[in-house]
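Beneath this line is the structure, given in structure tokens, with notes to follow.
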Amino acid sequence: MAVSRAVYLLRNASFERHSEQLPNSSPSQLSKGARMRRVDRELSLDETIKVIENQEYGVLSTIGENGYPYGIPLNYAYIDGAIYIHGARSGHKIENFSFCEKVSFTVVGDTEVLPEKFGTNYESAICFGKISEAVDSEKEKALYSLIEKYSADYLAEGREYLAKMTKATRVFKISIESISGKAKRK
């Protein structure tokens, strides 16, 4: 076992042990016990899901064997309470999935910089969960959902494209374990 993996596992075990002492019923509770500092800006679950459903891109964050976090912006589909992403058959993020299945996914919604107030109006959502590969009908459903979201005017062409590209593409599902949203609005 590499030293970085051993350190990660030790830190993670300690983190999970401490988080078990916290109540699970708090609406402001994030993954593994972290709490939202500005609970007055917390979004309801429905508002948080709307942020996720209405945006085009999110940032997937993983951890690699070298111990460094890796965040990558990508498109996604939100289906039945899970987030689906797609990509090539191999690469950095895929390697990180093999090292650690725990991920976070962040979506930033509408923003407005307020220069005269030295602030920003914003909305965002963050999910924590575990990633796994989607296969067969689940993979096809996710890929078609991506076509519907990003190429709605080209569904017939999208089906043809999927028939050609499905074998060259991998699809991954983030099973959400924790979700929260935050906003500062006018």
Side-chain angles (χ1 to χ4, degrees), residues 19 22 24-63 68-88 91-93 96-97 101-132 134 138-139 141-155 157-158 161-162 169-186:
S19 69
L22 299 169
N24 290 326
S25 59
S26 170
S28 63
Q29 183 176 346
L30 298 175
S31 178
K32 302 301 180 193
R35 295 181 193 268
M36 187 177 300
R37 186 179 62 83
R38 293 293 308 262
V39 294
D40 58 313
R41 296 184 180 169
E42 183 176 19
L43 297 177
S44 70
L45 180 59
D46 287 341
E47 291 173 308
T48 301
I49 290 171
K50 284 181 186 173
V51 170
I52 293 169
E53 289 176 331
N54 293 332
Q55 300 309 315
E56 294 181 7
Y57 297 95
V59 177
L60 174 69
S61 297
T62 64
I63 190 80
Y68 283 96
Y70 178 66
I72 182 169
L74 35 80
N75 55 21
Y76 64 94
Y78 181 79
I79 308 165
D80 301 328
I83 293 172
Y84 289 84
I85 61 167
H86 76 293
H92 191 153
K93 70 178 180 279
N96 285 2
F97 299 161
E101 66 184 355
K102 294 179 181 178
V103 298
S104 68
F105 191 80
T106 303
V107 176
V108 176
D110 297 330
T111 63
E112 176 189 18
V113 176
L114 306 169
E116 72 285 359
K117 294 184 179 182
F118 306 99
T120 304
N121 286 332
Y122 64 89
E123 59 183 15
S124 63
I126 185 165
C127 305
F128 294 88
K130 293 183 180 171
I131 198 154
S132 59
E138 183 180 28
K139 176 181 179 179
K141 180 179 179 180
L143 288 171
Y144 191 71
S145 292
L146 288 163
I147 296 289
E148 288 177 316
K149 181 174 180 178
Y150 295 100
S151 302
D153 293 337
Y154 302 94
L155 295 180
E157 296 89 337
Y161 181 77
L162 290 179
T169 303
R170 291 178 78 179
V171 174
F172 294 89
K173 173 184 180 180
I174 301 170
S175 298
I176 298 171
E177 296 177 350
S178 176
I179 184 170
S180 67
K182 186 175 178 181
K184 178 184 172 203
R185 298 179 174 140
K186 296 177 187 177

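Sequence positions, counted from 1, serve as the residue numbers for this chain. Because the structure is a prediction, the values reported are computed rather than measured.
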(message) Closer than 4.0 angstrom, basic N to acidic O: yes or no for Lys173 and Glu138?
(response)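 So Lys173 pairs with Glu138 through a salt bridge.
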Testing the basics here: between [X] and [Y], what is the closest heavy-atom pair and its distance to 0.1 Å?
X      : Y      : result
Tyr78  : Ile83  : CD1-CG1, 3.9 Å
Lys149 : Ile52  : NZ-O, 4.4 Å
Ile176 : Cys127 : CD1-SG, 3.9 Å
Val107 : Gly58  : CG2-CA, 4.2 Å
Leu43  : Ala183 : CD2-CB, 3.5 Å

Pairwise distance [atom1]([X]) to [atom2]([Y]) - rounded to 0.5 angstrom:
X      : Y      : atom1 : atom2 : result
Lys50  : Gln55  : NZ    : CD    : 13.5 Å
Glu42  : Ser180 : CD    : OG    : 7.0 Å
Glu148 : Ser145 : CD    : OG    : 5.0 Å

For residues [X] and [Y], determine if any side-chain heavy atom of one lies less than 4.5 Å from a side-chain heavy atom of the other.
X      : Y      : answer
Leu146 : His86  : yes
Tyr122 : Val108 : no
Ser61  : Ser104 : yes
Val59  : Ile72  : no
Ile79  : Lys141 : yes
Lys182 : Ile126 : no

(message) Holding to side-chain contact (heavy atoms from CB on, under 4.5 Å), I want the full list of residues that pass it with Glu112, two or more places apart in sequence or in another chain.
(response)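 side-chain contact (heavy atoms from CB on, under 4.5 Å) check on Glu112 returns Leu114, Asn121, Lys186.
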(message) Over 60° means perpendicular and under 30° means parallel, so tell me whether Phe105 and Tyr76 are parallel, tilted or perpendicular.
(response)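 Geometry flag for Tyr76 against Phe105: perpendicular rings.
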(message) Quick one, Asn54 with Val51, criterion side chain to side chain contact (heavy atoms under 4.5 Å, CB included). Give me CA distance, side-chain angles, the key distance, then yes/no.
(response) CA-CA 5 Å; Asn54 293 332; Val51 170; over 6 Å; no
(message) Please check if the number of heavy atoms outside Tyr150 that lie under 6.0 Å from its OH is greater than 12.
(response)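 Enclosed.
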(request) Using a cut-off of 6.0 Å, state whether more than 12 heavy atoms not belonging to Lys184 lie near its atom NZ. (result)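 For Lys184, atom NZ is crowded (more than 12 foreign heavy atoms under 6.0 Å).
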(request) Name all pairs fulfilling the salt bridge (charged side-chain N to carboxylate O under 4.0 Å, His left out) condition that reach into residues 113-126, sequence neighbours left out, sorted by first residue then second. (result)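 Counting only pairs at least two positions apart or across chains, the salt bridge (charged side-chain N to carboxylate O under 4.0 Å, His left out) contacts touching residues 113-126 are Glu123-Arg185.
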(message) Show, in sequence, the C-alpha distance, side-chain angles and deciding distance for Glu177 and Phe128, and conclude whether the side chain to side chain contact (heavy atoms under 4.5 Å, CB included) test is met.
(response) CA-CA 6 Å; Glu177 296 177 350; Phe128 294 88; 5.5 Å; no
(request) Please assess Lys130 against Phe97 for the test side chain to side chain contact (heavy atoms under 4.5 Å, CB included), listing each intermediate value before the final yes or no. (result) CA-CA 9 Å; Lys130 293 183 180 171; Phe97 299 161; over 6 Å; no
(request) Only counting residues at least two apart or in another chain, list the ones meeting ring pair (Phe, Tyr, Trp, His ring centres under 6.0 Å) with Tyr84. (result)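 Not a single residue meets the ring pair (Phe, Tyr, Trp, His ring centres under 6.0 Å) criterion with Tyr84.
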(message) side chain to side chain contact (heavy atoms under 4.5 Å, CB included) for Val103 and Ile174? Distances and angles first, verdict last.
(response) CA-CA 8 Å; Val103 298; Ile174 301 170; 4.0 Å; yes
(request) Please confirm whether the backbone N or O of Tyr154 pairs with a side-chain atom of Ser151, one donor and one acceptor, at under 3.5 Å? (result)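 It does not hold such a pair.
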(message) If we check side chain to side chain contact (heavy atoms under 4.5 Å, CB included) with Asn96, which of these qualifies: Leu60, Thr62, Ile63?
(response)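 Running side chain to side chain contact (heavy atoms under 4.5 Å, CB included) over Leu60, Thr62, Ile63 with Asn96 returns exactly one hit, Thr62.
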